There are 2 protein chains.
Amino acid sequence: MNNGTHNKHDASDEWAMLDRIYRILTEEGYLGGSTSTERPPVVKFEHPAELKRLIHFPMDEKEPSSEATIEQIIRQVLHYSVRTGHPHFHNQLFAGVDPYGLTGSWITEALNTSQYTFEVGPTCTLIENAVIEKCLQLFGFPATGDGILCPGGSMSNMYAIVAARFRAVPDVKRTGVTNLPEPLVAFTSEDAHYSITKAVHWLGIGLNNLIKVKTDRGGRMIPEELERAIESVIASGRRPFFVNATAGTTVLGAFDDFTAIADICARYALWLHVDACLGGTAILSRSHRHLLAGVQRAHSLAWNPHKTLGAPLQCSVLVVQERGLLHECNAANADYLFQQDKFYDISYDTGDKSVQCGRKVDAIKFWLMYKARGETGLEALVDNAFECSRYLHELVRTRAGFRSVLTEFQYTNISFWYVPSWMRWTQEEPPTDRWWQRLYAVTVDIKERMVMRGTALVGYVPLLHKGIGNFFRMVVTCHPRPTRESMLFIVDEIERIGESLGKENNPK
Amino acid sequence: MNNGTHNKHDASDEWAMLDRIYRILTEEGYLGGSTSTERPPVVKFEHPAELKRLIHFPMDEKEPSSEATIEQIIRQVLHYSVRTGHPHFHNQLFAGVDPYGLTGSWITEALNTSQYTFEVGPTCTLIENAVIEKCLQLFGFPATGDGILCPGGSMSNMYAIVAARFRAVPDVKRTGVTNLPEPLVAFTSEDAHYSITKAVHWLGIGLNNLIKVKTDRGGRMIPEELERAIESVIASGRRPFFVNATAGTTVLGAFDDFTAIADICARYALWLHVDACLGGTAILSRSHRHLLAGVQRAHSLAWNPHKTLGAPLQCSVLVVQERGLLHECNAANADYLFQQDKFYDISYDTGDKSVQCGRKVDAIKFWLMYKARGETGLEALVDNAFECSRYLHELVRTRAGFRSVLTEFQYTNISFWYVPSWMRWTQEEPPTDRWWQRLYAVTVDIKERMVMRGTALVGYVPLLHKGIGNFFRMVVTCHPRPTRESMLFIVDEIERIGESLGKENNPK
């Protein structure tokens, strides 16, 4: 139909947009663009003010737009977005999507339903149950356990604290934490994710009642320090109730000693939660699942298949040992939604397990990935990410000018500096504070140029509690499948940029 | 390529699935199926046990599946899912999606990025800002206000309570609510959404400190009752801090008197939040926005374009009067993500405003809907939903056998019973309790048959605090565009089923 420019849309016009979006996304390099000969940049970066001049963001259209106008604005948005699926995007704990996961998410969006009742999500409910059962099995939890999919790892972790609090103070729903004889205290490590901090604030526990336990050089919680902290809290008249251990810390990729921590939690009858949002993916590999030894002793565990595994954002699973707990803890018994006189088995209505009412169907993404790839297919993806990141670790440990933050390989996060040749002479002496400050600044400079060139995206981070300034944290994920060449490209590119900085700073 | 049955996928095979999914979804009646001559049922219902026999849900595939197998399981899932986009789906506060919204969500999924930094979401950040600015303007909030998109209305409401608590107790992040001299107390109405109850539990305030204010017959909070409750809380030595008013209650679609409630909140210096998750959509219509008179005086307001307006689930906006508050309240200053030495204007990094870390890009859906349809296009959709629901209201008020729960028209939720002819003789006398119980049971029976026939889906609900048992709550939404015929169909179908029950119960 040749009516793309008129101002009124009829229903078939409108749906035709969905037919075109696959082609548009492919042409703009967002769907499997790796076969293209001319690869678009990771990002065509513009500063906010400039980007606002390039795209008309304000919503001030009085009348309907033509189809051509709509397509044009979509193409503009895509043109200036970040290609997280580009082989050289290593900036976050996620990167490209698994195409089967993306298929699942497009289905989810088209189904447009909520996970709360079997009635409006029959297949979705059973798919979520299958994902929970699989995760229970993978992490060594009993088949009688339970779980829920959450809008992100921070929410999964918060659910765990709420469940732990409910077990510690059975009447907490009614009383809150306002009049407890002893304030509740939670423990996490100083390298753990900040979501625990945010949750402790939201849940009314207060940051004064969160202890950040010291970690070793690699970022692992020191079990003796945990025990000492617990003793000290008890001595102060407060009540320990929750310990968060981490499988794959955000920056260094450290795995806590779950067995030692579980022993301590058992001794003091504390809830042990494992934040495996990042590191849980290792469970899919026979060669690497040993990193998670002991997690089966946790009361709860959170895992994000949306991180390195490449399920589309978001897909986060919380599993708990005890069936019925999530429902008991979170139910509000809203009779308008969860009628007890329905004609089907209402134990399949999961809506009252959650703090949300409408809940997005995130399970299909991982379910379809598993169905499509099977156990061996997923394992191969995970093993490849480990192999490539180990290769990268060796590169930055041994190549001239590169300096690894850690000697040992921990996970697929690789942390390093590049010391340009014009800074290297000082390495003969013990580097001074000023030298380090300059190196931290050089890291930022390299990053800026990398973004401006659009050749690659690698994040930098400081670890202030360890007295370390900015270094590159490059995350190697499963999609798009990394290769030795793609690892080498980043190292070459950082070297190129670092050296070019030298030419500007120290012109000969 | 003719390799759909081999067991290893290469990358181009994998991406080809995305090319096929539009066709599959269309063939299965999920994308604009309204033009099809043979319309599929709203649902082909199977009980959980039977559905588990029909589809292999367990994730036990050892090896990769063939493309044909993957397509087959997708088709099975679609075959047994609920078609929320069917013209006769009126079961929830959402229904069909806006095709431009769905286009936006497919883009979001393909972009696969997070809303936390400008760096990885430059366009997404500015689109979210545009949506927030538009919502501030629509609801009469100052342009200097702020906002955030949340994973659902329950989360938006919880954000509001957290912000209110932070204003009431500035040091609450550190101290929690554990040692407050006076417990904090929140107020909502007995017809308001249960998310307030769940939030008060999660936030450690406790249900003992939540007052559910009485409503009038239509479900509107009675302002005098609110004031009385506030006085009584103060007299008990506790501290009122937060009032939730509702624009469009879940069951009856009532709009509270925002001006009267705002006056009371001003008098006692309480935070006023308006849960406009359902009713906020009325703001888009010049004819109906008067329902929201006074909301501009609230401190915060939540609106879900994903409900009647048809943005794909989920798309929920929270707006607040005060810029900076969300950041100040929720920040954890994670230096690994929100580096202060970035080379661009980091005021565009929104991640520390949120309790989540990774945050889904939900803004594109509504943004694209607005860009495509403009102000007048959206208004026409909203007005049509109002017109059709008003027609339905008249139908159930006047047609023989139908009985409206409310005399007056309030919103696009229409509540009614169908009294089959074989029950009607008793109407001459005052109906007995037994008669009512039978009518409630008949409502459930009609619903069951409706599901089994797959002809329509309309929810039923009780309002126990008003002493009312099950009645139909039919929600009229913007998509797919309702018509007088589609309204009439439901009424006819309920009548048909109700009468057929009679034949079984009272065979002549």
Side-chain angles (χ1 to χ4, degrees), chain A residues 14-15 17 25 30 32 48 57 59 61-64 70 77 80-82 84 97 99 103 105 109-110 112-113 120 123 126 130 134 151-152 154 173-178 183 194 197-198 201 203-208 251 312 332 334 336 343 348 355-358 370 372 374-375 377 448 461, chain B residues 14-15 17 25 30 32 48 57 59 61-64 70 77 80-82 84 97 99 103 105 109-110 112-113 120 123 126 130 134 151-152 154 173-178 183 194 197-198 201 203-208 251 312 332 334 336 343 348 355-358 370 372 374-375 377 448 461:
Chain A
E14 293 174 11
W15 286 101
M17 185 55 83
L25 285 163
Y30 282 90
F57 290 102
M59 297 157 76
E61 289 77 9
K62 185 100 188 138
E63 300 298 326
I70 299 168
V77 167
Y80 292 103
S81 291
V82 174
T84 62
V97 284
T103 304
S105 75
E109 298 294 328
N112 197 49
T113 194
V120 293
T123 50
L126 298 182
K134 186 71 204 177
S154 296
K173 264 164 100 161
R174 292 199 310 114
T175 63
V177 295
T178 308
Y194 70 78
T197 306
K198 293 206 174 188
H201 159 222
L203 302 178
I205 293 165
L207 302 190
N208 288 346
V251 176
Y336 78 85
F343 66 92
Y348 285 90
V355 74
Q356 304 113 277
C357 175
Y370 203 101
E375 193 181 322
E448 175 174 358
V461 286
Chain B
E14 293 173 10
W15 286 102
M17 185 56 83
L25 285 164
Y30 283 90
F57 290 102
M59 297 158 74
E61 288 76 9
K62 187 99 188 139
E63 300 297 328
I70 299 167
V77 167
Y80 292 103
S81 291
V82 174
T84 61
V97 284
T103 304
S105 76
E109 298 295 326
N112 198 50
T113 194
V120 294
T123 51
L126 298 183
K134 186 71 204 177
S154 296
K173 264 165 102 161
R174 292 198 310 112
T175 63
V177 295
T178 309
Y194 70 79
T197 305
K198 292 205 174 189
H201 159 222
L203 303 178
I205 293 165
L207 302 190
N208 288 346
V251 176
Y336 78 86
F343 66 91
Y348 285 90
V355 73
Q356 303 113 276
C357 175
Y370 203 101
E375 194 181 323
E448 175 175 358
V461 286

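Remember, predicted model here, so these are calculated numbers, not experimental data. Hydrogens, waters and symmetry mates play no part in the numbers below; they use all other heavy atoms, side chains included. Throughout, protein chains are lettered first and strands after them, A, B, ... in sequence-line order, and every chain is numbered starting at 1.
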So, the part of B:Thr123 with a heavy atom under 4.5 Å from chain A: the answer is both
Would you indicate whether the side-chain heavy atoms of A:Glu375 and B:Glu61 approach each other to under 4.5 Å?
no
Are A:Val177 and B:Val177 packed together at the side-chain level, in the sense that at least one heavy-atom pair is separated by less than 4.5 angstrom? yes
Under 4.5 Å to a heavy atom of chain A? For B:Lys62 that would be both
In terms of heavy-atom contacts, B:Thr178 and A:Pro183 come closest through CG2-CB, 3.7 Å
What one should report as the nearest heavy-atom pair of A:Glu109 and B:Pro312 is OE1-CB, 3.7 Å
Taken to the nearest 0.5 Å, the spacing of A:His201 NE2 from B:Leu203 CG works out to 8.5 Å
Heavy atoms of A:Cys357 and B:Ser154 approach each other most closely as N-OG, 3.3 Å
Sorted by chain and number, sequence neighbours left out, side chain to side chain contact (heavy atoms under 4.5 Å, CB included) with B:Lys198 holds for A:Ala332, A:Asp352, A:Val355, B:Tyr194
I'd like to know if the side chain of B:Lys134 reaches the main chain of A:Met59, judged simply by a donor and an acceptor atom lying under 3.5 Å from each other, with no hydrogens or angles considered.
yes
Under 4.5 Å to a heavy atom of chain B? For A:Tyr80 that would be both
CG (A:Leu207) and CZ (B:Arg174) are apart, to the nearest 0.5 Å, by 8.5 Å
Among B:Thr175, B:Leu25, B:Leu126, the residue with the most heavy-atom pairs under 4.5 Å to chain A is B:Leu126
Turns out that what part of B:Phe57 lies under 4.5 Å from chain A's heavy atoms comes down to both
Review point. Considering only heavy atoms from C-beta outward, does the side chain of B:Met17 approach that of A:Pro99 to under 4.5 Å?
Key: no
Chain A shares the most heavy-atom pairs under 4.5 Å, among B:Ala130, B:Gly374, B:Gly152, with B:Gly374
> Does any N or O in the side chain of B:Thr84 come within less than 3.5 Å of the main-chain N or O of A:Asn112, such that one atom is a donor and the other an acceptor?
Replying inline: yes
d(A:Asn208 CG, B:Lys173 NZ) to nearest 0.5 Å is 12.5 Å
